[in-house]
Amino acid sequence: MPLHVPPAPAPALRSVLTALGSPTAVREARTPSLRAAPGPVTPDLPLPVHVLERNTAAGATTRLSGWRFLIRSGDRAVAAAESMLTPDGWAFSHFFEGPYIASTELALRQAEAAAQPYQPRLLSVPELYMLTLWLHGDPAADGASGAPLATDLLVPLAPAPPGIAAHRPYRAADLLPMLTLRTTAPSPLLGPPDPVGPAHADSPAA
């Protein structure tokens with residue numbers, strides 16, 4: 001069943017296209033694959049990135065942090081680009097590469113085989129350094145808003161936190177309580193998790 005990819009805001013797409021057209025932006029990006037890509041590169045598969053802000057027994061709430069585009073050279077993704085919402089509107093944030101790109105492509109291919117239509121999104125859990133493909137059960141919904149429905153599927157991308165299987169679809173009603181236990185019970189040795197997330201480009205949104 002084809003996925004129903006939500007349309008990205010036109011200014012978000014324009015910000016990425018402008019960055020791709022800037023030799024300075026591409027040259028200074030920490031993405032060797034993008035700099036070395038032969039021929040033209042194009043943004044593809046825009047996905048809204050939501051951050052899990054509150055996750056309790058009463059329900060979960062999320063915040064839209066940006067739109068992420070896979071950057072293709074020919075038939076393969078060589079990097080990704082993200083646009084973020086600022087007080088002045090949508091603006092280019094950064095290019096990056098790393099394991100989440102291939103993992104996102106694999107999860108999307110797997111989701112295409114599902115019997116039910118879904119709207120793909122990304123859900124970030126910064127406290128666990130975790131990113132999931134969020135398959136929303138309402139394909140016609142506004143991709144920029146809403147919280148996971150109990151029957152939505154969450155597919156952890158690799159690398160996933162220990163004890164959580166990457167590329168295994170979990171019902172939101174099953175996975176979110178597991179995440180609650182992990183985010184509210186920090187290790188006695190490590191203390192509370194860093195709410196900002198890891199300091200590298202290929203990471204869940206903070």
Side-chain angles (χ1 to χ4, degrees), residues 3-31 33-35 37 40-54 60-73 76-105 107-108 111 118-127 129-136 138-148 152 154-155 157 195-206:
L3 295 175
H4 294 254
V5 179
L13 175 59
R14 283 199 300 270
S15 73
V16 171
L17 289 171
T18 299
L20 285 172
S22 166
T24 301
V26 172
R27 184 172 59 250
E28 294 180 353
R30 292 183 294 172
T31 53
S33 294
L34 177 60
R35 295 198 301 269
V41 290
T42 56
D44 187 28
L45 283 174
L47 296 175
V49 182
H50 294 258
V51 176
L52 186 63
E53 287 205 309
R54 183 175 65 87
T61 60
T62 66
R63 167 180 58 85
L64 180 71
S65 67
W67 283 79
R68 185 170 296 185
F69 300 77
L70 293 181
I71 306 301
R72 294 197 178 277
S73 174
R76 73 185 188 96
V78 296
E82 197 152 311
S83 182
M84 63 181 180
L85 189 59
T86 72
D88 297 321
W90 289 98
F92 173 72
S93 175
H94 60 282
F95 294 116
F96 63 92
E97 60 181 273
Y100 281 135
I101 295 172
S103 186
T104 299
E105 285 195 296
L108 288 168
Y118 288 104
Q119 181 191 85
R121 306 174 176 190
L122 293 172
L123 180 65
S124 169
V125 187
E127 294 90 344
Y129 306 156
M130 180 181 183
L131 187 66
T132 75
L133 177 65
W134 169 11
L135 299 175
H136 190 49
D138 182 0
D142 178 3
S145 62
D152 285 356
L154 300 176
V155 184
L157 301 182
V196 176
H200 56 82
D202 185 0
S203 65

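Values reported hereafter were calculated over all heavy atoms of this structure, with side chains retained and with hydrogens, waters and symmetry mates removed. Model, not experiment: these values are computed from the prediction. Residue indices begin at 1 and follow the sequence shown.
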| Once you round to the nearest 0.5 Å, how far does CZ of Phe96 lie from CD1 of Ile71? | 9.5 Å
| Do Pro48 and Pro6 touch side chain to side chain, with heavy atoms closer than 4.5 Å? | yes
| Point-to-point distance, once rounded to the nearest 0.5 Å, from CG of Asp142 to CD of Gln119 | 8.0 Å
| field | Test item: Glu105 and Leu108 side chains (from C-beta on) under 4.5 Å apart, heavy atoms | value | no
| query | Taking all non-hydrogen atoms of both residues, which atom of Thr62 and which atom of Ala147 are closest, and how far apart? | reply | OG1-CA, 4.3 Å
| Set of side chain to side chain donor-acceptor pair (under 3.5 Å) partners for Ser83, sequence neighbours left out | Ser15
| remark: Separation between CG (Leu20) and OG1 (Thr42), nearest 0.5 Å, reads 8.5 Å
| query | Between the side chain of Ser33 and the main-chain N/O of Ala79, is any donor-acceptor distance below 3.5 Å? | reply | no
| message | I want to check something: taking the side chain as every heavy atom from C-beta on, are Thr132 and Val155 in contact at a cut-off of under 4.5 Å? | response | no
| query | Where does the angle between the aromatic ring planes of Trp134 and His136 fall among parallel (under 30°), tilted (30 to 60°) and perpendicular (over 60°)? | reply | perpendicular
| message | Glu53: which residues meet the salt bridge (Lys or Arg N to Asp or Glu O under 4.0 Å) condition with it, sequence neighbours left out? | response | Arg63
| query | Is any side-chain heavy atom of Thr104 closer than 4.5 Å to a side-chain heavy atom of Leu47? | reply | yes
| Below 4.5 Å, heavy atoms only, C-beta onward: do Leu13 and Trp67 meet side chain to side chain? | no
| How many angstroms lie between CE in Met84 and OG in Ser93, if you round to the nearest 0.5 Å? | 4.5 Å
| note | For Tyr118 and Leu135, the nearest pair of non-hydrogen atoms, with its separation, is CD2-O, 3.5 Å
| request: Quick one: closest heavy-atom pair of Val41 and Ser73, and the distance? | output: CG1-CB, 4.0 Å
| Do you know the tightest heavy-atom contact between Leu123 and Leu52? | CD1-N, 4.0 Å
| task | Mind checking the CZ-CZ spacing from Arg68 to Arg121? Nearest 0.5 Å is all I need. | result | 15.5 Å
| field | Side-chain heavy atoms of Leu85 within contact of Leu64, under 4.5 Å | value | no
| Leu133 CG to Leu154 CG distance, which is reported to the nearest 0.5 Å | 8.5 Å
| note | Sorted by chain and number, sequence neighbours left out, salt bridge (Lys or Arg N to Asp or Glu O under 4.0 Å) with Asp44 holds for Arg72
